[in-house]
A.B. asks: 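First the structure, then my questions, so here it is.
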Amino acid sequence: MIWSVEQVMELAPVIPVLVVDRVEDALPIAQALVKGGLPALEVTLRTPAALDVIREMAKVEGAVVGAGTVLNPAQLDAAMEAGARFIVSPGLTEPLGKAAIAAKIPFLPGTATAADIMRGMDMGLSHFKFFPAETSGGLPALKALAAPLHTARFCPTGGITAESAPKWLAEPFIKCVGGSWVVPKGPVDPAKIEALAREAAALSR
């Protein structure tokens, strides 16, 4: 199935943002998250194991695995080759934006200003990551940006917690949030991850 970026954002209210150091942790993490109701998984390209982690997680039935922290077209190509089905970046550059659009892969570019969002709109994009969400002014800042740029839809990421997520998700221009709290640091505990995923999946929007 070929997903649209909107379909990916509507899979669940939370997209887990995953920094995975060990390939052997990929399957238990993905299985627990999917079982808990969070099928869209963003594996950040911040570790040497990231591409292999994407390959492993893509084997899990029901998982829609994407790559995050994609910085340039070469990383985009590598992520897609590994099986990524959507792409998330911390910012928006013309080379990466054009490459993602040409590849016809769901793309969530990071934005923090009106100029960022307008640049994306000029490329034909309508869905964006708001990043880093809390340190870029939080929900008041995004509300101010979303008012004039009213056709844009967002996935705020960065500093969002289980406690703060509901206030973000209450806004109609926010389709989902990105969060790292669902997979706590330390040894992988599938039961704990599944429980946190169920709580996140139950958030209303």
Side-chain angles (χ1 to χ4, degrees), residues 1-11 14-23 25-26 29-30 33 39-60 63-133 135-136 142 145 149 151-158 160 175-180 183:
M1 176 176 178
I2 298 175
W3 296 84
S4 70
V5 66
E6 185 158 10
Q7 287 173 321
V8 171
M9 295 171 79
E10 289 180 345
L11 284 171
V14 177
I15 296 179
V17 179
L18 308 172
V19 182
V20 184
D21 293 299
R22 307 190 320 157
V23 177
D25 290 336
I29 289 173
L33 289 169
L41 314 177
E42 178 190 335
V43 178
T44 62
L45 301 186
R46 301 183 196 178
T47 72
L51 293 174
D52 287 330
V53 168
I54 290 171
R55 290 187 182 94
E56 287 299 302
M57 288 189 171
K59 299 174 183 177
V60 174
V64 179
V65 185
T69 323
V70 176
L71 305 178
N72 52 56
Q75 288 186 335
L76 169 72
D77 290 343
M80 291 178 63
E81 188 277 329
R85 295 163 74 182
F86 65 95
I87 298 296
V88 184
S89 66
L92 176 60
T93 66
E94 189 169 332
L96 179 58
K98 286 183 174 180
I101 291 167
K104 297 182 179 178
I105 188 167
F107 178 45
L108 268 179
T111 56
T113 67
D116 291 340
I117 300 163
M118 290 168 65
R119 186 184 313 117
M121 287 178 157
D122 284 345
M123 294 182 184
L125 301 170
S126 57
H127 294 69
F128 303 93
K129 178 166 86 164
F130 179 58
F131 177 82
T135 57
S136 294
L142 185 52
L145 290 168
L149 304 167
T151 59
R153 296 294 178 265
F154 296 93
C155 174
T157 304
I160 295 175
K175 306 292 288 185
C176 59
V177 300
S180 58
V183 180

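The analysis underlying the following values was restricted to heavy atoms, covering all of them including side chains, and did not include hydrogens, waters or symmetry mates. Since the structure is predicted, the reported quantities are computational estimates derived from the model, not experimental observations.
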A.B. asks: Show the nearest heavy-atom pair for residues Leu92 and Phe107, with the distance to one decimal.
C.D. replies: CD1-CE2, 3.9 Å
A.B. asks: Can you measure from CD1 (Ile87) to CG (Leu45) and round to the nearest 0.5 angstrom?
C.D. replies: 7.5 Å
A.B. asks: Rounded to the nearest 0.5 Å, what separation is found between the CD atom of Gln75 and the OG atom of Ser89?
C.D. replies: 10.5 Å
A.B. asks: Do you know which two heavy atoms are closest between Ala152 and Ile117, and how far apart they sit?
C.D. replies: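 Residues Ala152 and Ile117, closest heavy atoms: CB-CG2, 4.2 Å.
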A.B. asks: Can you see which heavy atom on Ala100 is nearest to which on Leu76, and at what distance?
C.D. replies: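 For Ala100 versus Leu76, the nearest heavy atoms are N-CD2, 3.6 Å.
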A.B. asks: Return yes when atom CE of Met121 has more than 12 non-hydrogen atoms of other residues, nucleotides or ligands closer than 6.0 Å, and no otherwise.
C.D. replies: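 More than 12 within 6.0 Å, yes.
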A.B. asks: Let me confirm one number: the CZ-CE distance from Arg153 to Met9, rounded to the nearest 0.5 Å.
C.D. replies: 9.5 Å
A.B. asks: Are the side chain of Thr44 and the backbone N or O of Leu18 linked by a donor-acceptor pair below 3.5 Å?
C.D. replies: yes
A.B. asks: If I compare all heavy atoms of Val177 with all of Cys155, which pair ends up nearest, and what's the gap?
C.D. replies: C-SG, 3.7 Å
A.B. asks: Specify the closest pair of heavy atoms between Pro95 and Pro73, including all atoms of both residues, with the distance to one decimal.
C.D. replies: O-CG, 3.7 Å
A.B. asks: Given 3.5 Å as the limit, does a donor-acceptor pair link the side chain of Thr47 with the main chain of Val20, or not?
C.D. replies: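 It does hold such a pair.
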A.B. asks: How long is the straight-line distance from CG of Leu96 back to CE of Met123, given to the nearest 0.5 Å?
C.D. replies: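 If I round to the nearest 0.5 Å, the distance is 8.5 Å.
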A.B. asks: What's the separation between atom CE in Met57 and atom CD in Glu42, rounded to the nearest 0.5 Å?
C.D. replies: 11.5 Å
A.B. asks: When you look at Leu125 and Ile101, which way does the side-chain contact (heavy atoms from CB on, under 4.5 Å) test go after all the steps?
C.D. replies: CA-CA 9 Å; Leu125 301 170; Ile101 291 167; 4.0 Å; yes
A.B. asks: Could you give the distance from SG (Cys176) to CD (Glu6), rounded to the nearest 0.5 Å?
C.D. replies: 10.5 Å
A.B. asks: How are the rings of Phe154 and Phe130 set to each other: parallel, tilted or perpendicular (split at 30° and 60°)?
C.D. replies: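 Perpendicular: the ring planes of Phe154 and Phe130 meet at over 60°.
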A.B. asks: Do Asp122 and Arg119 meet the salt-bridge criterion of a basic N to acidic O distance under 4.0 Å?
C.D. replies: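 A salt bridge is absent here (no side-chain N lies under 4.0 Å from a carboxylate O).
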A.B. asks: Has the side chain of Asp116 got a donor or acceptor atom that lies under 3.5 Å from a matching backbone atom of Thr113?
C.D. replies: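 Flag set: sc Asp116 to bb Thr113 pair under 3.5 Å.
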A.B. asks: What pairs with Thr69 under side-chain hydrogen bond (donor to acceptor under 3.5 Å, both in side chains), at least two apart in sequence or on another chain?
C.D. replies: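 Expected list: Arg46.
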A.B. asks: If I compare all heavy atoms of Ala82 with all of Ile54, which pair ends up nearest, and what's the gap?
C.D. replies: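 Closest pair (atom of Ala82, atom of Ile54, distance): O-CG2, 3.6 Å.
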A.B. asks: Check the pair Val64 / Phe86 against side-chain contact (heavy atoms from CB on, under 4.5 Å), numbers first and verdict last.
C.D. replies: CA-CA 8 Å; Val64 179; Phe86 65 95; 4.2 Å; yes
A.B. asks: Please evaluate residues Ile29 and Leu33 with respect to the criterion side-chain contact (heavy atoms from CB on, under 4.5 Å), reporting the C-alpha separation (whole Å), side-chain torsions for both, the decisive distance (0.1 Å), and the verdict.
C.D. replies: CA-CA 6 Å; Ile29 289 173; Leu33 289 169; 3.7 Å; yes
